Amino acid sequence: MEQPAVMNKKRVQTGSTTRAFAKPHVIEEWVGKVYTALCILVLVITIGAIVYFVSSRGLATFFVDGVSLGGLLGGLKWEPEGDIPLYGALPFIFGSFSTSVLAALMAAPLGMCAAVFMTQIMPGFGKKVLQPVIELLAGIPSVVFGFVGLSVVVPVLRAIFPGQGIGIAAGSIVLSLMILPTITTIATDALAALPRGLKEGSFALGATRWQTIYRIVLPTTLPSLLTGVVLGMSRAFGEALAVQMVIGNSPHIPHSLFESASTLTSAITLDMGNTVMGSTHNNALWSLALILLSMTFVFVFVVRFLERRNKR
Amino acid sequence: MHQEGLSAKNLRVFYGEKEAIKGVSLDFAPREVTALIGPSGCGKSTFLRSLNRMNDTIDGVRTTGEIWMDGENINDPGVDVVLLRQKIGMVWQRPNPFHKSIYENIAFGPRYHGVRNKKELDAIVEDCLRKAALWDETKDRLHQSALALSGGQQQRLCIARSIAVKPKVILMDEPASALDPVSTAKVEELISELKQEYSIVIVTHNMHQAARVSDKTAFFYMGKVVEYDVTDKIFTNPSEKATDDYISGRFG
């Protein structure tokens with residue numbers, strides 16, 4: 001079968017003879033292949049360029065400017081404009097991790113329970129009304145979340161807890177709202193994709209709906225549920241604006257959840273405009289970006305790992 | 001009405017407005033295998049699923065009529081479907097083992113019905129696997145995932161799982177149609193074994209299978225039972241022409 005096809009192709013291309021079974025799709029095939037290959041090439045080049053640029057700048061801090069890696073990752077003081085410049089990014093790293101982990105801890109149970117309700121308890125209403133509403137939440141711009149955080153969450157926290165209301169708590173509450181749709185949507189899809197037979201198998205053994213959800217539905221879909229949580233966390237980790245508006249942005253590790261703190265993203269956005277390209281301060285900000293980028297890779301790998309586990 | 005069997009009286013099932021089962025009355029005696037045969041869409045699976053109220057889990061399905069078991073009408077809103085389904089087990093066309101170990105698949109049901117003692121559970125697991133002729137193949141890997149078993153083994157595991165909660169009746173919806181001939185033979189053998197203790201209702205598209213395993217056969221057509229009789233009679237000398245046409249392959 002292979003042989004004549006190849007021969008046809010040659011004939012058509014050389015144009016020496018016309019044949020009844022000549023392949024008219026050669027050009028179409030070729031255009032398709034080249035076009036899709038170009039698209040993927042653009043993507044690969046973009047990603048490669050970003051990784052290269054961020055790493056070259058970010059690593060220059062250590063190799064050109066002589067800041068020690070340990071000093072950046074472990075240093076507690078961030079004073080780039082001081083008499084003796086200090087580039088300790090630990091407060092930012094701490095801020096980023098604590099806000100995104102707390103946000104995930106708050107959003108995960110909420111999102112999973114919402115997904116259980118939408119798929120197991122009231123599937124009709126859930127699919128028609130609740131799911132679109134939650135997806136709408138995903139489309140709200142982050143500045144709106146930040147604004148709501150600033151005008152609602154912060155005053156409420158200020159009224160209840162000591163302090164100004166700004167800080168890790170406010171940041172993670174705003175973030176948890178932002179990542180709620182991600183977690184809920186992925187959990188809903190995972191639960192809805194669960195084969196009907198598994199649930200019925202459990203019902204047929206005399207298990208109640210709750211026993212079925214708790215013992216069969218949730219454990220079976222756990223890897224997918226965790227994928228949603230990790231994706232939500234990675235979104236929270238990379239979010240700059242909304243957090244920046246409510247966290248206070250002081251480069252210290254706070255003593256409580258209600259004290260001003262800062263994150264990697266807010267440090268970058270706030271400082272980037274005030275530095276000169278190529279200066280140590282500027283390079284140090286790129287190092288923060290490199291940390292963010294590396295964390296994104298870690299999140300992607302975790303998601304991949306969970307997906308592979310899910311297939312087994 | 002049987003004292004200790006299962007019997008449906010004038011059962012009707014509606015999908016929305018559409019009447020899928022149009023008044024079916026059938027008696028299932030204990031320790032007997034009843035085959036439900038008929039062309040696709042004739043309602044035999046729907047009827048089967050209504051016997052353990054599995055259709056309750058589907059939106060828009062309404063079931064009227066009576067299903068009697070142990071002197072009680074179990075098609076009554078006041079009946080606890082959870083207790084009912086413990087008495088009426090079910091096996092599907094596609095094996096649906098839980099994503100757990102072989103042991104946990106069997107222990108799942110009994111645990112929920114109050115068996116907590118490890119020794120007792122071990123005994124139940126062994127007993128059920130033996131009854132399902134699966135013990136020798138699995139005794140060394142009880143704690144490995146049930147998903148690693150072959151399709152035929154998975155199906156026998158699902159049967160073992162269903163008898164672990166000590167049902168009286170087992171409903172089987174084309175239990176062997178997704179299996180190869182060897183596995184099919186094993187499942188059929190198993191059905192003949194289980195007949196000693198349970199009453200079995202089996203939906204099948206395989207006429208030979210119905211003839212081999214069942215004592216009684218009901219021929220469904222268009223949501224009604226056209227003929228219900230001893231299997232031998234249905235397959236050798238049916239009273240209705242439609243039955244004859246169907247089993248001899250003239251339609252369906």
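Chain naming here is simple, since letters A, B, ... match the order of the sequence lines and numbering starts at 1 in each. Remember, it's a predicted structure, so these values are computed and weren't measured experimentally.
- Using a 4.5 Å cut-off between heavy atoms, F98(B) contacts chain A through both its backbone and its side chain.
- Between the side chains of H205(B) and K44(B), at least one donor N or O lies within less than 3.5 Å of an accepting N or O.
- Within residues 176-198 of chain A, the residues having any heavy atom closer than 4.5 Å to a heavy atom of chain B are R196(A), G197(A), L198(A), listed by residue number.
- A donor-acceptor pair shorter than 3.5 Å can be found between the side chains of Y15(B) and T46(B).
- For the residue pair E174(B) / T204(B), no side-chain donor-acceptor distance below 3.5 Å is found, with atom types taken as modelled.
- Partner of N96(B) under the side chain to side chain donor-acceptor pair (under 3.5 Å) criterion, out of Q155(B), Q154(B), R161(B): R161(B) alone.
- The distance from atom CG of L157(B) to atom CG of N105(B), rounded to the nearest 0.5 Å, is 5.0 Å.
- The CD atom of E32(B) lies 9.5 Å from the OG atom of S214(B); values are rounded to the nearest 0.5 Å.
- With a 4.5 Å cut-off on non-hydrogen atoms, P95(B) does not touch chain A at all.
- Defined by atom type and a distance below 3.5 Å, a donor-acceptor pair is missing between the side-chain atoms of E137(B) and W135(B).
- Here the shortest heavy-atom pairing between S98(A) and G95(A) reads OG-O, 3.2 Å.
- Under the 4.0 Å criterion applied to side-chain N and carboxylate O atoms, K131(B) and E197(B) are assigned as salt-bridge partners.
- Between the side chains of D173(B) and S45(B), a donor-acceptor pair is found at a separation under 3.5 Å.
- Judged as a ring-ring contact (aromatic ring centres under 6.0 Å, His included), the pairs with a partner in residues 211-239 of chain A (not counting sequence neighbours) are, in order, F97(A)-F237(A), F237(A)-F299(A).
- Separation of the F305(A) and F301(A) ring centroids does not fall under the 6.0 Å cut-off.
- Of residues 117-124 of chain A, those residues lying under 4.5 Å from chain B by any heavy-atom pair are P123(A).
- In this structure, chain A has heavy atoms under 4.5 Å from both the backbone and the side chain of I58(B).
- Side-chain N or O atoms of D127(B) include none that pairs as donor or acceptor with a backbone N or O of A123(B) at under 3.5 Å.
- Between the side chain of T138(B) and the main chain of R141(B), no donor-acceptor pair closer than 3.5 Å is present.
- Proximity to chain A at a heavy-atom threshold of 4.5 Å picks out V82(B), R85(B), Q86(B), I88(B), G89(B), M90(B), W92(B) from residues 76-93 of chain B, in numerical order.
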>> Walk me through whether I200(B) and M172(B) qualify under side-chain contact (heavy atoms from CB on, under 4.5 Å).
In response: CA-CA 7 Å; I200(B) 295 173; M172(B) 298 186 175; 4.2 Å; yes
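- Contacts of R49(B) with chain A are made by side-chain atoms alone, with heavy-atom separations under 4.5 Å and no backbone atom involved.
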